[in-house]
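Below: the structure, in structure tokens.
Counting from 1, the numbers follow the sequence of the chain as shown. Whatever order the structure lists ligands and atoms in, that order sets their numbers, starting from 1. Just so it is clear, the values below take in all heavy atoms, side chains as well, and ignore hydrogens, waters and symmetry mates.
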Amino acid sequence: MKFPAKLLDKGTTIFTVMSALAAEHGAINLGQGFPDFGADERLLRLLGEAALAGHNQYPPMTGLPALRQAIAAKTNALYGSHYDADTDITVTAGGTQSLYTALQACVGAGDEVIILEPSYDSYEPSIRAAGASAIGVPMTAEYRIDWDRVRASLTPRTRALVINTPHNPSGRIATHEDMLTLQALAEQHDLFVVSDEVYEHMVYDGARHHSVAAYPQLAARSFLCGSFGKTFHVTGWKIGYVAAPQKLTAAFRAFHQFTVFTVFSPAQHALAAYLADPAPWQGLSAFYQAKRDTFRTALAATPLKLLPCDGTYFQTVDYSAVSSLPEADFARWLTTEVGVAAIPLSVFYQQPLDRRHVRFCFAKKDETLATAIGRLQKALG
Ligand code: PMP
Ligand code: GLN
């Protein structure tokens with residue numbers, strides 16, 4: 001038997017690898033990004049009630065109308081956009097599928113897609129699956145978007161750009177100026193924009209999230225990819241969405257209908273009802289900012305150098321004062337010897353840089369963070 005070997009070269013995703021290693025060694029898992037605390041009981045009850053009420057058959061292909069309406073209303077209220085629930089919103093199996101399907105919809109063989117590195121690990125394989133090539137453009141040393149390098153990487157074949165703000169793994173957020181630059185560049189070069197905004201409700205120190213939805217000319221050429229997993233502490237539900245103008249949405253749905261078709265009915269009903277109350281997402285930044293502050297204060301007492309964290313639930317550190325091991329080896333050592341799992345930043349590059357950075361996830365109970373910090377302080381001094 002011969003396989004075409006598509007994507008087999010990628011091996012197993014780092015999140016699966018590090019979670020398995022953490023479990024094997026009894027390490028505290030600050031690697032893969034997910035909360036170790038429960039979701040709001042009200043949301044969980046809504047899920048059960050939806051199943052018991054009989055909402056267990058195929059919902060519409062594009063998503064439950066009430067959920068699409070709630071997503072459109074929330075997005076439009078937050079960002080001043082004009083997404084139409086029927087023509088512009090599609091419910092997906094999480095952010096990963098939004099991103100994958102958006103890329104299948106807008107790029108093809110021979111196209112180039114700019115990704116900003118470090119970049120979330122699903123972008124490159126999704127682009128390749130579409131027959132296109134991912135062009136990795138490194139961010140600056142402080143993990144800001146290096147627009148000069150982006151401009152220098154554009155070719156007549158560039159067809160799309162993937163942006164992620166707030167940014168995993170760095171925790172940086174795009175500024176208003178970044179978005180204006182992106183808008184101008186996308187218009188000038190007629191690019192599609194795939195915008196990964198799954199951490200939109202985790203921004204700190206009074207900063208604002210700048211969505212593509214808030215920039216009309218940008219929104220006109222963008223797929224806005226969102227996920228409820230992060231916002232409502234239910235990463236295992238795998239429910240997300242894409243918001244995009246009608247023409248883009250039509251191309252998106254052309255793929256969606258033959259790959260996923262529709263997603264888990266009870267969760268769509270539960271989320272549609274739960275979204276009526278803005279309090280859960282309005283309070284999320286304050287909730288995670290407190291965790292970030294506790295975590296950073298404690299880490300500051302170790303030789304690990306903290307990089308800025310403006311958003312997301314990730315903290316990147318420079319460990320060069322502690323070890324000269326390459327990032328993947330250091331993350332492994334931390335997991336097996338110190339008992340705290342982390343993610344090496346090298347996995348987010350096509351050509352890893354010579355840096356000493358790993359990422360910790362602080363979406364954990366305070367006691368989990370305290371135990372992890374105790375272990376780090378003991379091992380690293
Ligand atoms: N984009 C980024 C930047 C992420 O960190 C993640 C997952 N944590 C996703 C997309 C995927 O989201 P989902 O789990 O909803 O598929
Ligand atoms: N997005 C999560 C992270 O960055 C992991 C998601 C996954 O395991 N695929 O850690």
TODO: Establish, yes or no, whether the cationic atom of Arg355 lies under 6.0 Å from the six-membered ring centre of Tyr143 and within 45° of the ring axis.
DONE: yes
TODO: Describe, in one word, how the ring planes of Phe295 and Phe360 are oriented to each other, choosing from parallel (under 30°), tilted (30 to 60°) and perpendicular (over 60°).
DONE: perpendicular
Task: Cationic tip of Lys364 above Phe34 ring, under 6.0 Å, 45° of axis - done: yes
Task: Validation row, ring centre Phe314 to ring centre Phe362 under 6.0 Å - done: no
Open item on the list: For a quick check: using heavy atoms under 4.0 Å, what are the residues in contact with ligand 1, sorted by chain and number?
Closed with: Gly94, Gly95, Thr96, Leu99, Tyr120, Asn164, Asn168, Asp196, Val198, Tyr199, Ser227, Lys230, Lys238
- [ ] Report the nearest protein non-hydrogen atom to atom 1 (N) of ligand 2: residue, atom name, distance rounded to 0.1 Å.
- [x] Tyr120 OH, 3.1 Å
Task: Axial cation check for Trp281 ring with Lys74, 6.0 Å and 45° limits - done: yes
Open item on the list: I'd like to check which ligand 2 atoms, numbered from 1 as shown, lie under 4.0 Å from a non-hydrogen atom of Lys230.
Closed with: 1 (N)
TODO: Output the list of atoms in ligand 2 that are nearer than 4.0 Å to some heavy atom of Asn168, sorted by atom number.
DONE: 3 (C), 4 (O)
Task: Within-shell test, Lys238 vs ligand 2, heavy atom, strictly < 4.0 Å - done: no
Open item on the list: Would you say Asn164 and Tyr199 are linked by a side-chain donor-acceptor pair, where the criterion is simply a distance under 3.5 Å?
Closed with: no
TODO: Between Phe314 and ligand 2, find which residue part has any heavy-atom pair under 4.0 Å and reply side chain, backbone, both or neither.
DONE: side chain
TODO: Among all protein heavy atoms, pick the one closest to atom 8 (O) of ligand 2 and tell me residue, atom and distance.
DONE: Gln32 NE2, 2.6 Å
Task: ligand 2 N/O within reach of Gly33 N/O, cut-off under 3.5 Å - done: yes
TODO: Would you tell me whether His256 and Gln97 have side-chain atoms, one donor and one acceptor, within less than 3.5 Å of each other?
DONE: yes
Open item on the list: If you define the side chain from C-beta out and look only at heavy atoms, does anything of Trp333 sit under 4.5 Å from Asp329?
Closed with: no
